[in-house]
Amino acid sequence: MDTVVWVLISTALVLLMTPGLAFFYGGLVKEKSVVSMMMMSFGALGLVAVLWILIGANMSSIDGSIWSFSGNPFSNFGQEGVAGVDLLSVAFGGTFAIITTALISGAIADRARFGPWMIYTGVWATLVYFPVAAWVWGGGWIQNLGDSLGGLPAVIDFAGGTAVHINAGAAALGLALVLGKRVGFNKDITQPHNVPLVLIGAALLWFGWFGFNAGAAGTPDEAGLIVFNTLAAPAAAILGWIVVEKLRTGKATAVGAVSGVVAGLVAITPACANLTPGWALLLGLIAGAVCALAIELKFNLGFDDSLDVVGLHLVAGIIGTLYLGLFATDTGLFVGGDAGQLVVQTISVLAVAIFSFAASWLIGTAIQKTIGFRVTSEEEIAGIDLAVHGESGYAMSSRGTVPAE
């Protein structure tokens with residue numbers, strides 16, 4: 001019964017992460033696009049949850065050849081054949097599908113239409129997230145990669161370095177390239193309009209992440225290690241980020257600190273159950289420092305990843321997943337193992353990143369070429385909340401003013 005209660009609590013924690021993400025992203029955009037930005041998260045929540053219940057949970061579990069693309073979407077359509085506590089496991093898995101898809105929206109902030117985003121969300125979740133979840137956790141080829149290569153260690157991805165963060169980060173890069181740069185794209189365009197909102201969102205994300213990482217813990221001892229590492233790595237990542245920021249710009253910012261939190265959380269996600277606390281601290285420090293540098297890549301390479309989904313989720317996801325090849329307890333290269341763990345981790349990173357990027361680019365391109373994905377330049381400059389949703393995030397009341405004589 002204790003396990004059931006913990007999974008129930010964890011499901012609620014992970015679901016809360018998507019509204020937290022909406023706050024985090026909403027504060028980072030300009031004030032006339034905050035509603036649009038937050039609605040992309042809530043739209044993903046609604047659509048992906050329904051798709052997960054209808055077909056996604058079925059697709060994420062392979063019954064047959066490990067080389068199957070996914071499970072049969074119609075094996076238990078609408079979870080008709082599932083009952084009792086098994087439905088709780090389905091709900092827990094669904095919260096991961098929701099947050100993964102919502103993460104992508106940060107790369108196209110301030111310039112995407114809501115309808116095309118919802119079409120993209122449904123297609124990407126069905127053709128990319130559900131199958132990749134099956135590969136990594138549902139009996140697919142990545143889960144069985146070590147055995148397939150002749151007795152190498154199994155790929156380690158406890159809570160979603162590949163299936164969630166590399167998957168979403170690579171998809172974000174593909175979609176950002178399709179939509180192109182915002183009007184007037186430069187470093188000044190990235191200034192957040194509401195820093196407190198960003199910090200509130202980050203706090204909710206960190207809070208929910210304890211369920212995200214530890215929800216699948218098999219024993220109390222494992223849960224204790226995971227929770228501890230989920231505290232340690234983000235804390236160290238704050239320090240890594242703000243030190244780099246201070247050296248580069250002369251100031252340590254609040255947005256930089258919570259970006260460090262996210263970098264540390266992403267990096268520890270695949271590794272949370274397979275690192276001792278000291279190695280988790282080092283991972284967080286590295287992830288925070290490297291991601292603080294990586295967010296500059298969009299300016300150096302000329303792609304517009306609006307809210308740094310690539311610089312945070314793709315980069316930190318790769319760092320955390322590959323780090324296991326070096327320091328995973330008993331199997332990492334420097335802690336009792338050999339190069340085998342690093343080999344299988346690298347293959348899984350490359351496979352998911354390439355597949356997700358290519359699929360996202362193709363889906364986004366098809367939508368852009370047919371019904372169009374971007375708002376007009378005029379709507380983008382003015383702010384898209386009123387144009388797309390007919391409402392403003394900051395409608396100011398005129399009551400109480402003194403009329404002019």
Margin query: Between Phe23 and Ser41, does the side-chain contact (heavy atoms from CB on, under 4.5 Å) criterion hold? Intermediate values first, please.
Written below: CA-CA 9 Å; Phe23 284 127; Ser41 288; over 6 Å; no
Expected output: side-chain [X] to main-chain [Y] donor-acceptor under 3.5 Å:
X: Asn144; Y: Gly139; answer: yes
X: His165; Y: His313; answer: no
X: Trp279; Y: Thr329; answer: no
X: Gln368; Y: Phe373; answer: yes
X: Gln341; Y: Leu324; answer: no
X: Asp157; Y: Gly161; answer: yes
X: Arg248; Y: Ala292; answer: no
X: Tyr394; Y: Val34; answer: no
X: Ser33; Y: Ser36; answer: no
X: Trp52; Y: Val90; answer: yes

Could you tell me if the side chain of [Y] sits less than 4.5 Å from the side chain of [X], heavy atoms only?
X: Asn72; Y: Asp63; value: no
X: Asp147; Y: Ile66; value: no
X: Val266; Y: Leu312; value: no
X: Val128; Y: Phe357; value: no
X: Thr121; Y: Met40; value: no
X: Glu245; Y: Ser259; value: no
X: Trp361; Y: Leu175; value: no
X: Leu47; Y: Trp117; value: no

Next item on the list: For Val136 and Asn167, run side-chain contact (heavy atoms from CB on, under 4.5 Å): C-alpha distance rounded to whole Å, both residues' side-chain angles, the deciding distance at 0.1 Å, then the answer.
Entry: CA-CA 11 Å; Val136 175; Asn167 202 3; over 6 Å; no
Atom [atom1] in [X], atom [atom2] in [Y]: separation rounded to 0.5 Å?
X: Trp137; Y: Phe158; atom1: CH2; atom2: CZ; result: 10.0 Å
X: Met17; Y: Phe96; atom1: CE; atom2: CZ; result: 8.0 Å
X: Met37; Y: Leu307; atom1: CE; atom2: CG; result: 6.0 Å
X: Leu204; Y: Leu13; atom1: CG; atom2: CG; result: 10.5 Å
X: Leu173; Y: Ile104; atom1: CG; atom2: CD1; result: 11.5 Å
X: Ser105; Y: Leu21; atom1: OG; atom2: CG; result: 6.0 Å

How close do [X] and [Y] get, heavy atom to heavy atom, and via which atoms?
X: Val335; Y: Ala328; answer: CG2-O, 3.0 Å
X: Ala267; Y: Leu283; answer: O-CD2, 3.5 Å
X: Ile142; Y: Ser348; answer: CG2-CB, 4.0 Å
X: Asn229; Y: Pro234; answer: O-CD, 3.9 Å
X: Pro277; Y: Leu225; answer: CD-CD1, 4.1 Å
X: Thr321; Y: Gln345; answer: O-NE2, 2.9 Å

Next item on the list: In sequence, state the C-alpha distance, the side-chain angles, and the governing distance for Thr331 and Ile156, and then conclude on side-chain contact (heavy atoms from CB on, under 4.5 Å).
Entry: CA-CA 10 Å; Thr331 61; Ile156 300 173; 4.1 Å; yes
Margin query: Below 30° counts as parallel, above 60° as perpendicular, anything between as tilted: where do the rings of Trp67 and Trp141 land?
Written below: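 Geometry flag for Trp141 against Trp67: parallel rings.
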More than 12 foreign heavy atoms under 6.0 Å from [atom1] of [X]: is that the case here?
X: Phe355; atom1: CZ; value: yes
X: Tyr120; atom1: OH; value: yes
X: Lys30; atom1: NZ; value: yes
X: Phe299; atom1: CZ; value: yes

Consider only side-chain N and O atoms of [X] and [Y], and report whether a donor and an acceptor are under 3.5 Å apart.
X: Asp385; Y: Ser392; value: no
X: Asn58; Y: Gln79; value: yes
X: Thr269; Y: Trp209; value: yes

Check: What do the steps show when you test Ile62 against Gln143 for side-chain contact (heavy atoms from CB on, under 4.5 Å), and what is the final call?
Finding: CA-CA 11 Å; Ile62 292 173; Gln143 191 171 30; over 6 Å; no
Check: Per the side chain to side chain contact (heavy atoms under 4.5 Å, CB included) rule, which among Thr95, Val164, Leu265, Thr230 passes with Phe212?
Finding: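 Passing option: Val164.
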Item checked: Asp110 and its salt bridge (Lys or Arg N to Asp or Glu O under 4.0 Å) partner, picked from Lys181, Arg182, Lys32 ->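 Only one of Lys181, Arg182, Lys32 forms a salt bridge (Lys or Arg N to Asp or Glu O under 4.0 Å) with Asp110, namely Arg182.
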Item checked: Cationic N near anionic O, under 4.0 Å, Asp305 to Lys298 ->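 Here Asp305 does not pair with Lys298 in a salt bridge, since their nearest N and O are not under 4.0 Å apart.
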Check: Got a sec, which residues hit ring pair (Phe, Tyr, Trp, His ring centres under 6.0 Å) with Phe114, two or more places apart in sequence or on another chain?
Finding: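 Result, ring pair (Phe, Tyr, Trp, His ring centres under 6.0 Å) vs Phe114: His389.
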